[in-house]
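Below is one structure, written out as structure tokens, with a few remarks after it.
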Amino acid sequence: MGGGLIFAGLALQLSVGPVAWEAFAWPANGIVLAGFFVMLTAMVCLRKKVYAFQWMTTYQAAIPAMVYAVVLTIIMGLTRQQVGGTWLNNMLSFWPFVLIYVYITVILGLTIHRRLRKMFNGHCSMVNGQWSMVNGQWSMVNDFVFLLNHLGLFIALTTATLGSADIQRVKMICGVGEPEWRALTQKGTVKEMPIAIELKKFIMETYEDGKPKRFASEIQILTKTGKNIETTVDVNKPYEVDGWKIYQYGYDTQMGAQSQMSILELVSDPWLPLVYAGFYMMLAGAVLMALTVLWRRLKNATRKALWVYLALAVFASLFAYFFFDSYNTKTLVPALQSPWFAPHVFVYIFAYALLGVAVIIAIYAFLKKNSQFSIVNCQLDSIVYISLAFLTIGMLFGALWAKEAWGHYWSWDPKETWAAITWIAYLVYIHYRLTPKAKSQCSMVNGQCSMVNGQCSKVEGLALWMLIISFVLLQMCWWGINYLPSAQGSSVHTY
């Protein structure tokens with residue numbers, strides 16, 4: 001299916017050109033979204049007659065789709081992206097890239113519907129007019145966590161993609177004592193704004209070496225609705241009025257602290273509440289996923305296992321702390337001076353440390369082919385689940401921070417691109433481990449590893465390779481992008 005979409009995308013690219021996202025501005029995006037839901041509903045209704053629609057809800061459909069997404073996104077991460085670029089240099093408008101992610105969204109929608117049917121048909125039954133539990137409380141918890149993660153991702157993907165056409169982003173150059181109501185669009189045209197801004201004073205503080213510690217603008221805002229507002233706009237501290245968020249973007253760098261002008265960025269994003277709804281659902285799902293996995297593993301764990309879990313937690317925490325401390329210098333650039341800085345970095349590095357442990361176990365599993373190592377192998381899934389939860393939390397913290405700092409929650413910056421690659425790669429591993437073939441190798445009973453088909457040993461060779469490859473991709477996300485030509489001068493994550 002994925003290969004067919006690649007060829008279809010190439011045919012569209014050759015025949016109609018790149019995806020014209022501006023054509024999806026309201027109300028076109030609303031019509032497309034409604035049509036998308038109608039299509040999903042039709043596919044659900046026809047699932048018993050059309051095998052392909054039912055097949056799309058299986059791991060056999062999801063895993064190849066995510067692998068295609070990883071490969072295409074790696075291409076995106078290795079090539080410099082620019083608006084109006086060639087096929088591989090403008091992946092966001094490259095039909096194969098778009099179609100694969102649309103396909104993943106379709107799979108998400110169908111899978112969510114299937115899980116909902118299973119929940120209502122399987123968990124509860126009517127006995128003497130009362131609802132009775134059939135599959136137990138843990139199954140309900142699993143379903144709740146599943147829906148938070150999958151439905152949250154579905155909402156975020158659909159609304160962020162279609163809503164991007166309605167985002168307005170302009171830059172306004174304001175001088176001291178000169179009210180300005182004109183702004184420059186991304187296409188270089190002049191746009192009259194519904195608000196006027198006058199710069200009262202530009203503020204700049206520097207470190208001893210002359211590097212900027214803080215720069216901000218004291219401004220007066222006049223709106224067509226009669227508002228007269230005096231406020232200060234700081235980096236990481238935008239001001240919102242009449243649907244527009246005003247960000248401190250730049251200044252006259254030659255004048256420095258004596259600058260008599262300030263560059264402000266104004267952003268309008270009407271779909272943001274829906275995107276945030278998806279983000280917060282995913283955050284809740286990630287937290288609950290980590291907690292439920294921990295609870296299950298610790299509930300009936302032996303004393304030796306408890307010490308192992310404690311050692312892992314201490315190691316990951318110390319690693320994250322010392323790494324964070326090395327970056328938390330006294331000369332942070334203004335963009336890093338945010339309450340989001342500490343949780344975003346700490347959570348990510350905590351996940352990296354755990355995934356480092358997982359890859360060491362995976363490599364060791366190749367070298368030690370014996371049944372005595374089976375118990376440790378079975379714990380790999382738990383480590384990856386918890387790590388993925390922290391990766392998700394760190395990624396969403398970064399998105400929320402980016403929105404406050406730069407006005408966009410996801411811009412496919414090279415760092416963000418490789419973060420997405422890493423996240424999807426570990427999703428591939430988890431989904432593979434949930435396939436019937438992989439699950440038959442080992443199952444967890446009351447938090448313990450149980451023998452199913454003779455010997456619960458060696459997380460399958462393919463799964464081990466997935467962990468190793470995913471960790472290599474993680475290294476590209478962590479520090480490798482600093483050496484990629486595609487990231488030089490184009491990433492806000494290089495300071």
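Small disclaimer: the values here were computed from a predicted structure and weren't measured.
Between Phe202 and Tyr251, the gap from one ring centroid to the other is short of 6.0 Å. Close placement of the Tyr352 and Trp478 rings is indicated, their centers lying within 6.0 Å of each other. Taking the six-membered ring for Trp and the full ring otherwise, Tyr348 and Phe397 have centroids separated by 6.0 Å or more.
Looking at heavy atoms from C-beta onward, Tyr101 lies in side-chain contact with Thr73 at the 4.5 angstrom threshold. At a threshold of 4.5 Å between non-hydrogen side-chain atoms, the residues Val98 and Ile100 do not count as touching. Side-chain contact between Asp381 and Tyr429: present, with at least one pair of heavy atoms (C-beta onward) separated by less than 4.5 Å. Looking only at side-chain heavy atoms (C-beta outward), Phe94 and Thr86 stay at 4.5 Å or farther from each other. A heavy-atom distance below 4.5 Å is found between the side chains of Val384 and Ile430. With contacts defined as side-chain heavy-atom distances shorter than 4.5 Å, the pair Cys174/Met261 does not qualify. Within the 4.5 Å cutoff, the side chain of Phe97 has heavy atoms near those of the Leu92 side chain. Inter-residue side-chain proximity for Leu467 and Leu355 is flagged as unmet; no heavy-atom pair is nearer than 4.5 Å.
A salt bridge between Lys201 and Glu218 is absent, with no side-chain N of the basic residue lying under 4.0 Å from a carboxylate O of the acidic one. Electrostatic pairing of Asp269 and Lys245 does not count as a salt bridge here, judged by no charged N lying under 4.0 Å from a carboxylate O. We find that Lys171 and Glu265 are joined by a salt bridge, their nearest charged nitrogen and carboxylate oxygen being less than 4.0 Å apart.
One distance of note links OH of Tyr409 with OH of Tyr276; it measures 8.5 Å at 0.5 Å rounding. Of the inter-residue distances, the one linking Ile6 atom CD1 with Gln13 atom CD reads 11.5 Å to the nearest 0.5 angstrom. Here CD of Glu180 is found 12.5 Å from OG of Ser262. Values are rounded to the nearest 0.5 Å. A distance of 10.0 Å separates CH2 of Trp423 from CG of Leu391, quoted to the nearest 0.5 Å. With rounding to the nearest 0.5 Å, the separation of OG1 in Thr161 from CZ in Phe36 is 9.5 Å. From Leu283, atom CG reaches atom CG of Leu400 across 6.5 Å, with rounding to the nearest 0.5 Å.
Using a distance-only test at 3.5 Å, with no hydrogens or angles considered, a donor-acceptor pair links the side chain of Asn89 to the main chain of Arg80. Between the Gln81 side chain and the Met91 main chain, a donor and an acceptor come within less than 3.5 Å of each other. No donor-acceptor pair closer than 3.5 Å links the side chain of Arg214 to the backbone N or O of Met204. The backbone N or O of Ile219 sits nowhere less than 3.5 Å from a side-chain atom of Ser217 that would complete a donor-acceptor pair. With hydrogens and angles disregarded, no donor-acceptor distance shorter than 3.5 Å links the side chain of Asn29 to the backbone of Gly163. Although no hydrogens or angles enter the test, the distance criterion places a donor-acceptor pair under 3.5 Å between the side chain of Glu416 and the main chain of Asp413. Side-chain atoms of Thr185 never come within 3.5 Å of backbone atoms of Val170 as a donor-acceptor pair (strictly under, hydrogens ignored). Without hydrogens or angle criteria, Tyr247 side chain to Lys403 main chain gives a donor-acceptor distance under 3.5 Å. Put simply, the side chain of Thr57 never gets that close to the backbone of Thr111: no donor and acceptor are under 3.5 Å apart.
Sparse packing is recorded around CD of Gln254, with 12 or fewer heavy atoms of other residues, nucleotides or ligands lying under 6.0 Å away. Heavy atoms of other residues, nucleotides or ligands lying less than 6.0 angstrom from CZ of Phe144 number 12 at most. For Glu208, the CD atom counts as loosely surrounded, since its 6.0 Å shell holds 12 or fewer non-hydrogen atoms of other residues, nucleotides or ligands. No more than 12 heavy-atom neighbours from other residues, nucleotides or ligands sit within 6.0 angstrom of CD1 on Ile173. Around the CH2 atom of Trp181, the shell of radius 6.0 Å holds no more than 12 heavy atoms that belong to other residues, nucleotides or ligands. Applying the 6.0 Å contact sphere to CD of Gln258 captures no more than 12 heavy atoms from other residues, nucleotides or ligands.
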Start with the C-alpha gap between Lys224 and Ile195, add the side-chain angles, then the distance that decides, and say whether side-chain contact (heavy atoms from CB on, under 4.5 Å) holds.
CA-CA 6 Å; Lys224 288 185 176 181; Ile195 58 178; over 6 Å; no
Go through Thr206 and Lys211 one step at a time and tell me if the side-chain contact (heavy atoms from CB on, under 4.5 Å) criterion holds.
CA-CA 5 Å; Thr206 60; Lys211 293 181 179 178; over 6 Å; no
Verdict with reasoning, Tyr483 to Met476, per side-chain contact (heavy atoms from CB on, under 4.5 Å):
CA-CA 9 Å; Tyr483 304 97; Met476 288 297 299; over 6 Å; no
Go through the steps for Thr392 and Met289 under the test side-chain contact (heavy atoms from CB on, under 4.5 Å), then give the verdict.
CA-CA 11 Å; Thr392 304; Met289 182 171 73; 5.6 Å; no
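For the pairing with Phe390, the ring pair (Phe, Tyr, Trp, His ring centres under 6.0 Å) check across Tyr426, Phe346, Phe350 returns one residue only, Phe350.
For the residue pair Met43 and Val106, the shortest heavy atom distance occurs at CE-CG1, 3.9 Å. Contact detail for Trp412 and Ala420: the closest heavy-atom pair is CZ3-CB, 4.2 Å. Ala389 and Ala286 get closest at one heavy-atom pair: CB-O, 3.3 Å. The nearest pair of heavy atoms linking Ile468 to Ile363 is CD1-CG1, 4.0 Å. Of all heavy-atom pairs spanning Val233 and Ile246, the tightest one is CG1-O, 3.5 Å. In terms of heavy-atom proximity, Ser387 sits nearest to Leu354 at OG-CB, 3.1 Å.
In this structure, His344 and Trp401 have perpendicular ring planes: the angle between them is above 60°, well past the 30° mark.
Side chains of Trp244 and Glu240: no donor on one and acceptor on the other come within 3.5 Å. No hydrogens or angles considered: nothing links the side chains of Asn236 and Trp340 as a donor-acceptor pair under 3.5 Å. Using modelled atom types, one finds no donor on one side chain facing an acceptor on the other under 3.5 Å when comparing Asp252 with Gln260.
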